[in-house]
Structures are given as structure tokens and as C-alpha cells.
> 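To start, I am sharing the structure in question, which I have written as C-alpha cells.
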There are 2 protein chains.
Amino acid sequence: MSSEPVPPRRATHTVDSLLDAAVAVFNDRGYDGTSMEDLARAAGITKSSIYHHVKGKEALLGMALDTALAGLFAVLDEPASNEGPARDRLEHILRRSVEVLDAELPAVTLLLRVRGNTPTELEALERRREFDRRVTDVVAQAIAEGDLRTDLDPALVTRLVFGTVNSLVEWYRPGRGESASDVADALVTLAFDGLFR
Amino acid sequence: MSSEPVPPRRATHTVDSLLDAAVAVFNDRGYDGTSMEDLARAAGITKSSIYHHVKGKEALLGMALDTALAGLFAVLDEPASNEGPARDRLEHILRRSVEVLDAELPAVTLLLRVRGNTPTELEALERRREFDRRVTDVVAQAIAEGDLRTDLDPALVTRLVFGTVNSLVEWYRPGRGESASDVADALVTLAFDGLFR
DNA sequence: GTCTATAAATTGATAGAC
DNA sequence: GTCTATCAATTTATAGAC
């Protein structure tokens, strides 16, 4: 048997496990409201240990934003986002966006709260705008194909509908209350059919 | 004629004018991302001059959050929010909420981004929840009165619809693009009738 | 009502031992 | 991979002159 006493265990981390811990704190306190000391405490290690894994706080933010953006852009590259009636493509993009939000909630939440104070944030904001443009194109096509009401502006519709999707991060929690597909159903029903019965 | 040379003008402030400048910076850089030095620069005075007007940064935040919350709760106290069919009351609350958002955009934006790091923020979050509860009651009544589809949960509907309203702060700018009433029309149409024609 | 000067605490980051 | 020790810069806040 081992005669060594168990050393006073400190947490040990990989870049990924550290990132998970960091993103959770970022979302709890806000990115700017989080100090390296906050991150160290949450990770169970010291500040200097964090620098062994990453360059600094902004690098952690950048990795999380990349995860979120990659998930969202992957949706736009799926066949169902590019084939068939634009109305169906829009519904697909909506449902899959909710799924990405569900699967990558911490990263997506962070993405949606970015203010643009640093180069990392500015780049993320630009990629978000690109996502919006591509969705707006689909909405415009759906209107052109005669499947959506014509009295609404495509850009405005996109902003309102994705405003609804994005607002999910304020209250939706995986495994608590409604499932992601319940939420997606309600959202799609509301968007296409409205509240009237 | 005056023989006095024009003195090197520093900006002079009242609490209100300082608050306006501060809220603008808070929204640009985020509350936590804003230092007293940032506020001083934006106001055209020094840090220490700010302390002549207010206790500190958090006091400025508190005043702005009060403005936003007062505007929203005032809507709930209006006669049209309390008389007639719940469906009409809901539409009134929706339209007036957009108007409050338009009239007090900087303060409302700040309110919607609060994270809960300080007592001031926690109190604001609690008052927001109270607002949500009161709106949810109206939605539930509208469903009970048979004016809205019954296959959606009132709390979920409230979250989705007010998620849409709240998302306006991310892009709506008074005097640029659509007017507030254009936006309110589109939002109400979308919420009640959906995208289908 | 604003300023300069300064204090006290916090923050992001690095060096180097184990 | 984590630690202690340390630093330079920033940040909130106060004292007191004009």
C-alpha cells in the first residue's frame, strides 16, 4: 500500500476545464466585472497558475466567443439552411439556433453581452453582424417567395425574431423547466402564427 | 465691453447633467468597464469633481435604474393597463413599454444589462421580476378570456414577448431608421398575428 | 463647482521555486 | 501544473486650495 499521505489537493486544470470555469464566472459577474482573482478562486488555483494555461483574461473570452460563433455559423452551412423554400429554411435556422443556444449556453450568453471594448470583442461583434446579414437574406427571400406577410421589413423582422431567440439566455436554463425543443416550438409558433388563436 | 479674458472653460455640471453623461458612458463601455476616470473625461471635469455631486459610481447607476423602473411601473398603473379585455391591456402595455424604452433608452438599456453584483443591482433585478409577474398575470387573463391561443404557457409567452421588447435596446436608436411607433406596430403585429400572411 | 495632490486597495501580469 | 513573492499600473476615494 502507498505510504504517501494525500497531499493537500489543489485543483488541476487543462485549458478546457479552466475555460469552462472562467466562462461561468464571466456570465455570473460580467466579463468586465470579473478579475483574475475571481477566476482563480472559482477554478480553485491561484492567479499565476492561470497564466500557465492562457495569455490572460481576454484569451479566455476569445475562446468562448469562438465556440459560440462557430456553433451559430455551422447552422447556416447545414443543407436544410440552404435548400428548399426560404420559409422552411428560416424555421430550420430558428430551431437550430435555439439548439446551439441550449448546447453552448454559457458561450452564447457571453457572445450576446459583448460590448466591444477590446479587439477580441470588436471582431466578435462583426461576425455577429455577418450572421444577421445572412439570416436577413433568408427572410427577404421568404417574403419574395410570398410565404410571409409583405408589410414588414426583412431587417426589422430578423432583428425582432432573433431578439426573441437571443433573449432566451436571460432565463432559459438547460434541464430546468421547459426543454429546448419546447421552447423552440413555442418560439416558432409565436413567430409564424402569433398569439391569436 | 468686458475686459476679462475668457477663462479656460471647464464643464460645469448638476447632478442631472452628470447623470446623463455617466449613463451614456455606462452603456458604451458597460457599467463594470467604466472607471471614474472614464466618467470624468466624458463629463469634461476631474474625478474628484464627480464626488462633489454624488457618492460614487454606484449612486449614478442607482439613479438611472430608478428612472427606468419608474417609467415601466408607471405603465402598469395607467387606466388602459387595468380596464377592459386583457388582450387589449396586454397590447397597451406592449406599446407603452416600447414608448418608455424610446423615451428613456439609456436608462432602460442599463437596467436590462444589470448583473446583480451589488445591492443596487440586486434590488433592480427584484423590481424587474415584479414587473414580469404583473405582465404575466395579464397574459394569463387574456388566455382565460379566450382571446389568445391556449397551447402556450403564460409565463413562457411573457418571457418571449418581453424578450423581443427588451432586445430593442440592442439596435433601436431614437431618430434613426424606424420610429418608435413603427417598431411598436411591427412588434405588436408579430406578437399577435405572426409572420404568415 | 472645479481643481491638484495623494492615499489605500485592487488589478493584470511576471519570475522563479517546487 | 501549481505555488509564493513581487511589481507597475489602475482604480476608488478623500483632503483641502481656489
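Residue numbering restarts at 1 for every chain, and letters A, B, ... go by the order of the sequence lines. Values reported hereafter were calculated over all heavy atoms of this structure, with side chains retained and with hydrogens, waters and symmetry mates removed. Just so it is clear, the structure is predicted and the values come from calculations on it, not from any experiment.
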> Under 4.0 Å between a side-chain N/O of A:Thr46 and OP1 or OP2 of D:dT2, yes or no?
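Looking at the OP1 and OP2 atoms of D:dT2, neither is under 4.0 Å from any side-chain N or O of A:Thr46.
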> Taking any heavy-atom pair under 4.0 Å as a contact, classify A:Thr34: base, sugar-phosphate, or nothing.
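A:Thr34: backbone/sugar contact only, no base atoms under 4.0 Å.
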> Could you run down nucleotides 13-18 of chain D 5' to 3' and tag each one B, S or - for protein heavy-atom contact under 4.0 Å?
BBB---
> Would B:Thr67 and B:Glu104 count as a side-chain hydrogen bond (donor to acceptor under 3.5 Å, both in side chains) if you check the C-alpha gap in whole Å, the side-chain angles of each, and the deciding distance to 0.1 Å?
CA-CA 8 Å; B:Thr67 298; B:Glu104 304 286 353; 5.5 Å; no
> Rounding to an integer number of Å, can you tell me how far B:His13 NE2 sits from C:dC3 C1'?
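For the pair B:His13 NE2 and C:dC3 C1', the rounded distance is 14 Å.
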> Between C1' on C:dT11 and CD on B:Glu37, what's the gap in Å once rounded to a whole number?
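The answer, rounded to whole Å, is 16 Å.
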> Taking atom CZ of B:Arg176 as the centre, does the number of heavy atoms from other residues, nucleotides or ligands within less than 6.0 Å exceed 12?
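Atom CZ in B:Arg176 is not packed in, count stays at 12 or less.
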> Side chains of B:Ser179 and B:Asp182 only: does a donor on one sit below 3.5 Å from an acceptor on the other?
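Per modelled atom types, B:Ser179 and B:Asp182 side chains form a pair under 3.5 Å.
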> With a 4.0 Å heavy-atom cut-off, tell me which residues in residues 113-122 of chain A come close to DNA chain C, sorted by residue number.
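The answer is none.
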> Any side-chain heavy atom of B:Ser17 sitting closer than 4.5 Å to one from B:Thr14?
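Yes; the side chains approach each other to less than 4.5 Å.
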> From D:dT4, D:dG1, D:dT11, pick the nucleotide closest to the side chain of B:Ser35?
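Looking only at heavy atoms from C-beta outward on B:Ser35, the closest nucleotide is D:dT11.
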> Is there a side-chain contact between A:Leu72 and A:Leu111 in this structure, where contact means two heavy atoms from C-beta onward sitting under 4.5 Å apart?
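The answer is yes, as the side chains (C-beta and beyond) meet within the 4.5 Å cut-off.
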> Determine whether the side chains of A:Thr164 and B:Thr164 contain a donor N or O and an acceptor N or O closer than 3.5 Å.
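A pair is found: one side chain offers a donor N or O, the other an acceptor, under 3.5 Å apart.
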> Give the rounded distance in Å between these two atoms: CZ of B:Arg41 and P of C:dT2.
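So the two atoms are 17 Å apart, to the nearest Å.
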> May I ask you to say what B:Ser17 touches in the nucleic acid, namely base, sugar-phosphate or nothing, with a heavy-atom cut-off under 4.0 Å?
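Since no nucleic acid heavy atom lies under 4.0 Å of B:Ser17, the category is nothing.
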> Could you give the NE2-to-P distance, from A:His52 to C:dA13, as a whole number of Å?
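After rounding, the gap between these two atoms is 17 Å.
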> Closer than 4.0 angstrom, basic N to acidic O: yes or no for B:Lys57 and B:Asp32?
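Salt bridge between B:Lys57 and B:Asp32, a charged N being under 4.0 Å from a carboxylate O: no.
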> Could you give the CD1-to-P distance, from A:Ile50 to D:dC3, as a whole number of Å?
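Computing the A:Ile50:CD1 to D:dC3:P distance gives 10 Å.
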> Do A:Glu170 and A:Arg113 sit within salt-bridge range, that is, some charged N less than 4.0 Å from a carboxylate O?
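Salt bridge: yes.
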> Can a side-chain donor-acceptor contact be found between A:Arg87 and A:Gln141 if the only test is distance below 3.5 angstrom?
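The criterion, which ignores hydrogens and geometry beyond distance, is not satisfied for A:Arg87 and A:Gln141.
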